There are 4 protein chains.
Amino acid sequence: MSTRIAVMGGAGFGGGEIVRLLLSHPHVSVVAATSRRLAGKPLHRAHPNLRGCTDLRFCTPDDVPQVDVLVLALPHGESSRRWDTLKDLAPRIIDMSADFRLDDPEAYAEHYGTHPRPEVLPTFLYALPELNREALRDASHVATGGCNATVSILALLPLFEAGVVDRTATVLDLKVGSSEGGAVANEGSHHPLRSGVVRPYRPTGHRHAVEIEAALGRSGPARVHMSVTAVDMVRGASLLAHAFPAQPVEVRDLWSIYRDRYRNEPFIRLVAERSGVFRFPEPKILSGTNYCDIGFEVDPSGERIVVAAAIDNLMRGAAGQAVQALNLMMGWDERAGLDFAGLHPI
Amino acid sequence: MSTRIAVMGGAGFGGGEIVRLLLSHPHVSVVAATSRRLAGKPLHRAHPNLRGCTDLRFCTPDDVPQVDVLVLALPHGESSRRWDTLKDLAPRIIDMSADFRLDDPEAYAEHYGTHPRPEVLPTFLYALPELNREALRDASHVATGGCNATVSILALLPLFEAGVVDRTATVLDLKVGSSEGGAVANEGSHHPLRSGVVRPYRPTGHRHAVEIEAALGRSGPARVHMSVTAVDMVRGASLLAHAFPAQPVEVRDLWSIYRDRYRNEPFIRLVAERSGVFRFPEPKILSGTNYCDIGFEVDPSGERIVVAAAIDNLMRGAAGQAVQALNLMMGWDERAGLDFAGLHPI
Amino acid sequence: MSTRIAVMGGAGFGGGEIVRLLLSHPHVSVVAATSRRLAGKPLHRAHPNLRGCTDLRFCTPDDVPQVDVLVLALPHGESSRRWDTLKDLAPRIIDMSADFRLDDPEAYAEHYGTHPRPEVLPTFLYALPELNREALRDASHVATGGCNATVSILALLPLFEAGVVDRTATVLDLKVGSSEGGAVANEGSHHPLRSGVVRPYRPTGHRHAVEIEAALGRSGPARVHMSVTAVDMVRGASLLAHAFPAQPVEVRDLWSIYRDRYRNEPFIRLVAERSGVFRFPEPKILSGTNYCDIGFEVDPSGERIVVAAAIDNLMRGAAGQAVQALNLMMGWDERAGLDFAGLHPI
Amino acid sequence: MSTRIAVMGGAGFGGGEIVRLLLSHPHVSVVAATSRRLAGKPLHRAHPNLRGCTDLRFCTPDDVPQVDVLVLALPHGESSRRWDTLKDLAPRIIDMSADFRLDDPEAYAEHYGTHPRPEVLPTFLYALPELNREALRDASHVATGGCNATVSILALLPLFEAGVVDRTATVLDLKVGSSEGGAVANEGSHHPLRSGVVRPYRPTGHRHAVEIEAALGRSGPARVHMSVTAVDMVRGASLLAHAFPAQPVEVRDLWSIYRDRYRNEPFIRLVAERSGVFRFPEPKILSGTNYCDIGFEVDPSGERIVVAAAIDNLMRGAAGQAVQALNLMMGWDERAGLDFAGLHPI
């Protein structure tokens with residue numbers, strides 16, 4: 001019998017993407033997707049790709065029935081604000097917003113404002129299978145990480161765990177697509193202004209840094225220097241991490257470290273070729289997939305390690321990793337519903 | 001037991017796409033994909049999306065074993081030139097090139113040069129399930145149509161069969177992506193010259209016109225005036241067909257005609273909304289899908305019918321429809337291996 | 001002494017472009033540019049390219065002084081609504097909106113609603129130098145044409161005047177960039193939804209058709225069938241006109257007709273090469289220029305003439321032709337301030 | 001009387017751009033532009049923007065007459081290889097290639113191979129007006145800097161001269177357009193593979209680093225950690241420099257430092273707004289201009305300074321700065337021929 005799932009916030013980009021994944025998931029039945037604005041309308045009104053794929057229509061939050069799993073794809077702040085009405089709708093809850101990602105109310109307050117329900121924070125598990133797979137199997141409430149945080153953590157985790165880099169000096173330079181800004185238009189997302197840009201969008205002060213430092217900090221002190229630049233693509237987040245060796249290191253050492261750490265990971269691929277066009281990770285071929293591709297190079301002088309990593313921000317950075325977490329929580333094959341290989345050329 | 005399939009010409013865009021589809025097809029096993037240039041190399045050397053999805057490596061044409069189905073994804077002219085060595089490799093052959101699409105050697109000669117094996121032409125069936133589904137079930141040798149021909153035929157078939165338009169006056173104005181030019185770089189495909197273009201690529205004399213007229217000509221005389229313009233996208237073909245009514249016609253008549261004709265078609269969707277952003281077909285959300293989306297509008301004066309249609313040229317225009325034909329030839333569910341819904345936003 | 005000019009509506013795309021042109025015009029001094037929203041702010045707040053080029057700040061409409069020439073770059077409907085306060089600001093007025101383009105109040109009403117000041121319509125001259133250069137020299141009030149109308153008229157004028165085409169059967173298939181939608185963001189212009197599209201934006205019923213028919217109608221009856229599709233570029237309008245010969249015609253005849261008609265035109269270039277990448281007009285190299293590039297081809301069967309034409313919609317389709325008209329009205333060199341050659345690659 | 005100039009290597013992107021600039025330069029006459037491949041053909045065969053702007057045709061190198069100034073826009077390695085035949089063609093020579101940028105033959109050898117004419121290296125001046133304006137006024141032989149080097153040096157010069165940053169720890173993360181790869185197509189520049197990419201093109205080992213360190217090294221030791229990523233644009237280079245303060249520093253200090261250093265520079269603009277869309281430098285509005293836009297921000301923790309800078313790589317990074325150098329060498333207004341403001345939107 002199918003597991004019954006409802007998606008709150010079904011008209012946004014993350015919501016549409018997880019509905020799409022769940023509609024073709026072998027063990028799941030989507031029973032509701034909410035949108036106050038589009039209540040009563042077919043899903044393809046917001047997600048034209050779903051035309052003909054489902055008869056489901058958007059409903060209001062009040063119409064959501066009791067389900068097995070509740071997925072929250074609401075704007076930041078909504079999950080915690082509406083927690084009292086949400087918490088009883090399902091025994092398992094997956095929140096894709098930032099509301100329950102941090103353990104520390106003070107860290108939350110610094111980046112998002114005072115948390116309305118700090119006592120709920122400890123009941124949520126930050127979901128990143130490569131970091132805490134076993135804990136996820138027992139979790140009932142999980143918060144999936146931010147897109148930029150996810151790609152950064154996955155890129156750096158092996159280096160920090162192996163202790164081969166200066167733990168406080170890493171520069172994270174991210175290039176991101178326009179879908180990271182969400183489904184609501186604004187002046188900066190107007191096509192004539194957004195097309196073709198390389199726009200320093202958050203040179204300093206990005207709030208995902210705290211998530212990254214929390215994850216990398218499990219193995220010791222961790223400090224990252226993060227900048228995010230908007231480039232001309234819709235999906236995708238691409239990272240260059242500039243890390244500084246704590247001891248002499250060669251590329252073959254990196255191959256060992258990354259292979260050992262990610263040997264059995266179904267959604268990590270190592271990409272560091274010596275020739276050809278596709279030498280390092282690129283986000284565009286990852287559209288629709290749950291992969292995080294990771295590559296690396298060492299400066300000829302040995303002074304710097306550059307780690308390149310890429311994800312589809314709506315998949316591995318949001319809906320895909322939510323499904324990956326769901327699969328673990330439910331005891332299913334971790335890859336269920338996530339078998340799309342991605343397109344080339346695209 | 002899986003049906004064993006080999007793909008000749010596996011390093012091109014069409015070849016890569018059909019290998020991708022077949023790798024995840026429920027009834028199929030891919031036993032070989034050829035590329036002389038990349039023989040011995042893993043498939044991801046040409047198709048980076050396939051990294052980690054298969055251990056298969058490219059082989060030379062000489063290494064292709066006897067199989068159940070042979071798919072030819074070779075450059076135009078190669079299938080017919082190498083026919084003697086190809087024909088005995090499998091009892092069923094699907095050719096994605098132009099070599100066996102036309103029945104008439106003279107029509108072929110006009111657009112492609114003298115056909116080296118005209119006697120083979122009648123043994124191939126032009127594969128378009130919406131046109132000749134039943135014949136496909138019995139076919140052993142099929143030729144899939146050209147991308148621009150496919151979208152044009154599907155857009156106009158109902159109007160021509162219903163006899164509501166002037167059969168010799170239709171203008172076909174197509175906008176196509178860069179992947180239509182194939183995987184080999186040329187001066188015009190150099191990114192600085194190709195990015196952002198609206199380039200009249202073939203204002204007159206496109207060789208797909210003869211395919212279109214052959215298909216539409218089944219119900220009477222048919223003449224089309226075709227132009228193709230290159231625009232800034234990678235995948236996709238988009239058509240505006242400007243047709244002239246042979247009798248007064250309103251939009252509701254068109255709805256009846258198209259609904260009646262395509263009622264049970266799994267890969268045709270009608271898209272003609274009165275409001276919203278996605279009122280008419282758009283190619284970008286079709287990337288990776290086998291759909292042909294079709295919409296229409298009538299000039300306020302009633303003087304013209306405009307039909308809009310869109311496909312992914314590498315899917316519905318090539319590899320997707322090859323799999324659809326395969327499914328029919330093998331007696332499988334027509335949708336097997338073609339269930340990807342497409343991405344939004346993208 | 002410089003001619004003093006004020007621009008009403010200086011924060012929009014057309015307004016910004018004409019301010020830019022006038023700032024470097026040899027005979028002009030820009031004394032005011034209005035924006036209620038940005039009053040008091042430097043021009044670069046709306047037009048980042050103008051940073052460092054001028055100390056001018058936006059002012060409110062009430063602050064506009066008496067000037068020699070008033071340029072109206074207001075949203076459609078504003079010029080006529082505010083006519084009483086505008087008309088006395090300058091002896092010469094150039095309106096870039098649709099308000100005074102049509103002579104016939106009924107034609108206006110059909111496409112834009114009832115005209116508030118129909119008696120003013122006959123006092124404005126529709127400005128298209130290639131059509132009515134001499135009249136422009138004496139004009140005090142001119143309305144510049146719509147972008148899509150301008151490229152269409154220039155492409156077809158020689159054929160209609162020469163009487164070589166069926167005057168009621170021409171199909172106009174236009175591909176346009178996102179700047180045609182203006183500077184205000186909307187759902188459809190949101191980058192994730194607008195990037196990479198081929199979106200049938202106005203398959204029928206485009207209101208520029210009436211302008212085109214008025215201009216072509218000077219030499220006899222004229223009927224056009226117009227469709228506009230949005231593609232992925234910011235600037236530019238590209239036309240394929242599909243015309244049907246009224247008599248047998250060859251390409252060399254077209255060369256004669258177009259050369260004769262446009263021999264001395266400084267802003268018309270004929271582009272119809274037999275080889276190379278840049279065989280026909282393309283909008284992207286026209287960015288920032290006032291050119292209209294025009295090419296043509298005849299179907300091998302002789303049944304159809306295809307005319308390709310391209311402009312920068314904000315220049316030749318708006319601000320550039322406004323300056324060209326200004327130059328004629330003032331008796332200056334028609335090319336003054338319009339000498340930018342355009343960029344390649346871009 | 002006009003200064004007579006010849007351009008060697010006129011068919012490349014840099015060559016086409018400098019020919020365009022010189023054609024509209026007030027004090028210059030272009031007497032020759034060479035291309036062996038296109039000898040005898042009009043310039044618009046390679047540079048479609050120049051159609052109608054000049055009657056000049058490409059000639060062979062042998063046809064170049066004695067001139068006042070010779071501009072070398074040849075592929076790297078050609079200027080030095082052909083030095084004996086080039087050196088006598090003009091008393092003043094501007095080389096846009098890498099051949100004469102470095103003083104040190106060993107540094108050259110490390111990145112480009114053994115220099116064929118090391119004795120010529122000291123006779124060339126590295127041209128960067130903001131660095132060595134006075135020396136340029138007396139120079140007869142100058143080498144313009146690399147595009148990525150130019151934007152990096154201009155971004156960091158004030159910080160290094162002011163001594164406020166750790167001189168060996170700066171990370172340079174550049175995002176560049178496809179025109180940086182030149183006019184010749186290759187597999188990686190094929191539009192289907194290049195469109196939409198964020199491709200780590202040179203994560204380590206970029207050869208412009210040595211130029212940057214030489215320029216910054218004038219005020220003390222200098223070490224940079226440079227990475228270059230290809231993104232989806234044609235023109236433009238965008239830099240985020242991550243620098244680490246040697247002493248506590250605030251944004252207002254940076255304003256002082258940059259304003260003091262660049263107060264009278266005609267082609268440097270400081271862009272660091274608190275609000276609006278265009279808060280920091282963006283390359284796209286710089287297309288066709290000679291500006292280098294520079295902005296900055298300090299991490300809330302004070303641990304890092306981020307400097308953002310952008311140029312048009314073909315202008316400020318090549319042809320524009322060559323003209324700027326020419327103007328200084330000839331004693332003309334430094335801005336002559338470089339007054340284009342740039343386009344918005346674009």
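Computed from a prediction, not measured in an experiment: that's the story for all the values here. Letters A, B, ... are given to chains in the order of the sequence lines, protein chains preceding strands, and every chain is numbered from 1.
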### Task
To the nearest 0.5 angstrom, please state how far the CG atom of C:Leu193 sits from the NE2 atom of B:His344.
5.0 Å

### Query
Counting only N and O atoms by type, is there a donor-acceptor contact under 3.5 Å from the side chain of B:Lys175 to the main-chain atoms of C:Lys175?
no

### Message
As a quick check of understanding, evaluate side chain to side chain contact (heavy atoms under 4.5 Å, CB included) for B:Glu282 and C:Val198, giving each step before the final call.
### Response
CA-CA 6 Å; B:Glu282 297 187 14; C:Val198 182; over 6 Å; no

### Over 12 foreign heavy atoms within 6.0 Å of CD, C:Glu106
no

### Task
Could you tell me whether the side chain of B:His225 reaches within less than 4.5 Å of the side chain of C:Phe244, counting heavy atoms only?
yes

### Query
Which of these passes side-chain contact (heavy atoms from CB on, under 4.5 Å) with C:Asp173: B:Leu172, B:Thr229, B:Asp173?
B:Asp173

#### Entry: Heavy-atom pairs under 4.5 Å with chain B, option from C:Glu303, C:His190, C:Met233, C:Glu187 with the top count
C:Glu303

### Query
Of the backbone (N, CA, C, O) and the side chain (C-beta and beyond), which part of C:Ile285 lies under 4.5 Å from a heavy atom of chain B, both, or neither?
neither

### Task
Examine whether an atom of C:Val298 lies under 4.5 Å from a heavy atom of chain B, and if so say whether it belongs to the side chain, the backbone or both; otherwise answer neither.
backbone

### Task
Look at the side chain of C:Arg199 and the backbone N and O of B:Arg279, then say whether any donor-acceptor pair between them is shorter than 3.5 Å.
no

#### Entry: B:Met226 side, atom CE; C:His242 side, atom NE2 - distance, nearest 0.5 Å
11.5 Å

### Query
Would you say the side chain of C:Ser227 lies within less than 4.5 Å of the side chain of B:Glu297, judging by non-hydrogen atoms?
no

### Message
Using heavy-atom distances under 4.5 Å, tell me whether C:Arg223 contacts chain B through its side chain, its backbone, both, or neither.
### Response
side chain

### Query
Under a 4.5 Å heavy-atom cutoff, which of B:Ala308, B:Pro345, B:Pro192 has the most pairs with chain C?
B:Pro192

### Task
Starting at CG of C:Asp232, measure out to CG of B:Asp232 and round the result to the nearest 0.5 Å.
5.5 Å

### Nearest-0.5 Å distance, CG of residue C:Leu174 to CG of residue B:Leu240
10.5 Å

### Query
What heavy-atom pair brings C:Phe280 and B:Pro203 nearest, and what distance separates the two atoms?
CE1-CG, 3.7 Å

### Query
Which residue out of B:Gly188, B:Gly205, B:Ser195, B:Gly177 racks up the most heavy-atom pairs below 4.5 Å with chain C?
B:Ser195

